[in-house]
> 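My structure is below; once you've seen it, I'll send some questions.
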Amino acid sequence: MIIIARFMLLALLFSFLANTSQMVFAKGSDEVQEACKVTRYQNLCIHSLSQFSNTSGRSPSKWARASVSVTIEEVKNVQTYLQKLNRNMSMRGRNRIALSDCIESFADAIDELHKSLGVLRNLSKSIFSTQMGNLNTWISAALTSEDTCIDGFEGQSEIQIKLLRNRVRNVSCITSNALALVNKLATTGIGSITDP
Ligand SMILES: *[C@@H]1O[C@H](CO)[C@@H](O)[C@H](O)[C@H]1NC(C)=O
Ligand SMILES: *[C@@H]1O[C@H](CO)[C@@H](O)[C@H](O)[C@H]1NC(C)=O
Ligand SMILES: *[C@@H]1O[C@H](CO)[C@@H](O)[C@H](O)[C@H]1NC(C)=O
Ligand SMILES: *[C@@H]1O[C@H](CO)[C@@H](O)[C@H](O)[C@H]1NC(C)=O
């Protein structure tokens, strides 16, 4: 009798565990969709942030941090690509100047985003609104740098320019999403951080 009861308890426990792990999985994908609701480019947001679903859960500060760190990665990738284009001298005239301006703008954007990540790693209730103000300023500046970069080039039909614009536009959308997630943190997140 006792053995059977134990067995049933175990079986119950196993099915409970199996269910909860399924729930974690389902919950994980729900959470990225929930978090991405405030962003303008939701599919891109879900695609680029789904890997953080389990760790970020429903925490606005974790989502903000994840989105800024993903943005930094992609800005760096595009910067590497721009530098490659610059080295192989495939651009001429106005586009050559636009390219070197772009590389400078991207370096600034990387600085602004690194400063932002630093703040997000060290959120503090006592200076929360100052921190949110800085984040908004810096990420907006990074976004402006990226958009300015796109505007500098001429010759829409050239394949190389098309490709470049697509990549920069992509990173600009990712940055815009990060800004939205930071703004969500600013409006809802003070309760979600634990520091004094
Ligand atoms: C989230 O966690 C579950 C259970 O631990 C795991 O199976 C799943 O792959 C994770 N999802 C992601 C996107 O990492
Ligand atoms: C220059 O680099 C770009 C991007 O890597 C590449 O697509 C292009 O073919 C290169 N052009 C030359 C002339 O090497
Ligand atoms: C983190 O925030 C605290 C409190 O505002 C500040 O004293 C400290 O210098 C900050 N640390 C870093 C690494 O920015
Ligand atoms: C846009 O960025 C994401 C990474 O965040 C990347 O996976 C994707 O390949 C990029 N798309 C383009 C067109 O550059």
Side-chain angles (χ1 to χ4, degrees), residues 21-82 102 105-123 128-129 131-151 153 161-194:
S21 70
Q22 261 169 12
M23 270 163 55
V24 168
F25 184 71
K27 221 174 90 210
S29 56
D30 272 2
E31 277 157 356
V32 68
Q33 285 178 9
E34 183 62 34
C36 286
K37 271 188 185 151
V38 297
T39 65
R40 186 161 171 197
Y41 309 99
Q42 294 195 14
N43 287 342
L44 186 60
C45 177
I46 291 166
H47 170 80
S48 58
L49 295 181
S50 61
Q51 56 182 309
F52 297 97
S53 245
N54 283 348
T55 46
S56 294
R58 302 213 174 264
S59 156
S61 65
K62 285 183 181 166
W63 281 115
R65 200 195 302 178
S67 70
V68 169
S69 98
V70 161
T71 305
I72 290 175
E73 285 315 303
E74 191 57 24
V75 173
K76 282 184 178 168
N77 286 340
V78 175
Q79 176 75 318
T80 303
Y81 158 78
L82 295 174
C102 238
S105 307
F106 265 65
D108 292 342
I110 291 168
D111 281 347
E112 310 273 13
L113 292 166
H114 269 307
K115 278 193 292 185
S116 302
L117 190 58
V119 166
L120 286 166
R121 282 186 175 140
N122 192 28
L123 289 173
F128 188 73
S129 60
Q131 289 182 318
M132 292 303 115
N134 286 338
L135 287 174
N136 191 292
T137 305
W138 296 335
I139 299 171
S140 300
L143 192 54
T144 304
S145 299
E146 293 156 10
D147 291 343
T148 308
C149 166
I150 301 176
D151 293 337
F153 294 89
I161 304 296
K162 257 191 187 163
L163 198 69
L164 184 153
R165 283 165 163 260
N166 280 346
R167 289 206 66 172
V168 177
R169 199 170 286 130
N170 190 49
V171 86
S172 153
C173 295
I174 290 173
T175 310
S176 149
N177 284 347
L179 186 58
L181 288 167
V182 164
N183 286 336
K184 184 181 183 184
L185 169 65
T187 53
T188 67
I190 193 155
S192 78
I193 62 173
T194 47

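Nothing fancy with the numbering, it's 1 onward along the sequence. When reading the values below, keep in mind they use all heavy atoms of this one structure, side chains included, and skip hydrogens, waters and symmetry mates.
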> Of all residues at least two apart in sequence or in a different chain, which pass the side-chain contact (heavy atoms from CB on, under 4.5 Å) check with Ala64?
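Per chain and number, Ala64 pairs via side-chain contact (heavy atoms from CB on, under 4.5 Å) with Leu120, Val182, Leu185.
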> Enumerate the residue pairs fulfilling disulfide bond (SG atoms under 2.5 Å apart) with a member in residues 30-69, sequence neighbours excluded, ordered by first and then second residue.
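Matches after skipping sequence neighbours: Cys36-Cys45.
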> Please set out all donor-acceptor pairs under 3.5 angstrom arising from side-chain atoms of residues 71-78, sequence neighbours excluded.
unit_1: Thr71; atom_1: OG1; unit_2: Ser67; atom_2: O; d: 2.6
unit_1: Glu74; atom_1: OE1; unit_2: Asn77; atom_2: ND2; d: 3.3

> Please list all pairs passing the salt bridge (Lys or Arg N to Asp or Glu O under 4.0 Å) test where one or both residues lie in residues 35-44, with sequence neighbours left out.
Glu34-Lys37
> Carefully, step by step, assess Leu164 and Leu82 under the rule side chain to side chain contact (heavy atoms under 4.5 Å, CB included).
CA-CA 8 Å; Leu164 184 153; Leu82 295 174; 3.9 Å; yes
> Give me the atom names and distance for the closest heavy-atom approach of Val38 to Ala35.
CG2-O, 3.6 Å
> Say you draw a straight line from CD1 of Ile139 to CG of Leu117; how long is it, rounded to the nearest 0.5 Å?
9.5 Å
> Determine whether Asn170 and Arg167 satisfy the following criterion, side chain to side chain contact (heavy atoms under 4.5 Å, CB included), listing intermediate values before the conclusion.
CA-CA 5 Å; Asn170 190 49; Arg167 289 206 66 172; 5.5 Å; no
> Kindly compute the distance separating CZ (Arg165) from OG (Ser172), expressed to the nearest 0.5 Å.
12.5 Å
> List the atom pairs, donor and acceptor, that lie under 3.5 Å between side-chain atoms in residues 107-116 and the rest of the protein, sequence neighbours left out.
unit_1: Ser116; atom_1: OG; unit_2: Glu112; atom_2: O; d: 2.8

> Calculate, to the nearest 0.5 Å, the distance between atoms OG1 and CD belonging to Thr39 and Gln42 respectively.
5.0 Å
> Can you tell me how far CD1 of Ile174 sits from CG of Leu143, rounded to the nearest 0.5 angstrom?
12.0 Å
> Let me confirm one number: the OG-CD distance from Ser59 to Glu31, rounded to the nearest 0.5 Å.
10.5 Å
> Find the distance between OH (Tyr41) and CG (Asn177) and round it off to the nearest 0.5 Å.
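Result: 8.0 Å between the selected atoms.
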> Check whether more than 12 heavy atoms from other residues, nucleotides or ligands sit under 6.0 Å from atom CG of Asn43, and answer yes or no.
no
> Quick one: side-chain contact (heavy atoms from CB on, under 4.5 Å) partners of Cys149, sequence neighbours excluded?
Cys102, Phe106, Phe153, Val168
> Go through Thr55 and Lys62 one step at a time and tell me if the side chain to side chain contact (heavy atoms under 4.5 Å, CB included) criterion holds.
CA-CA 8 Å; Thr55 46; Lys62 285 183 181 166; 5.8 Å; no
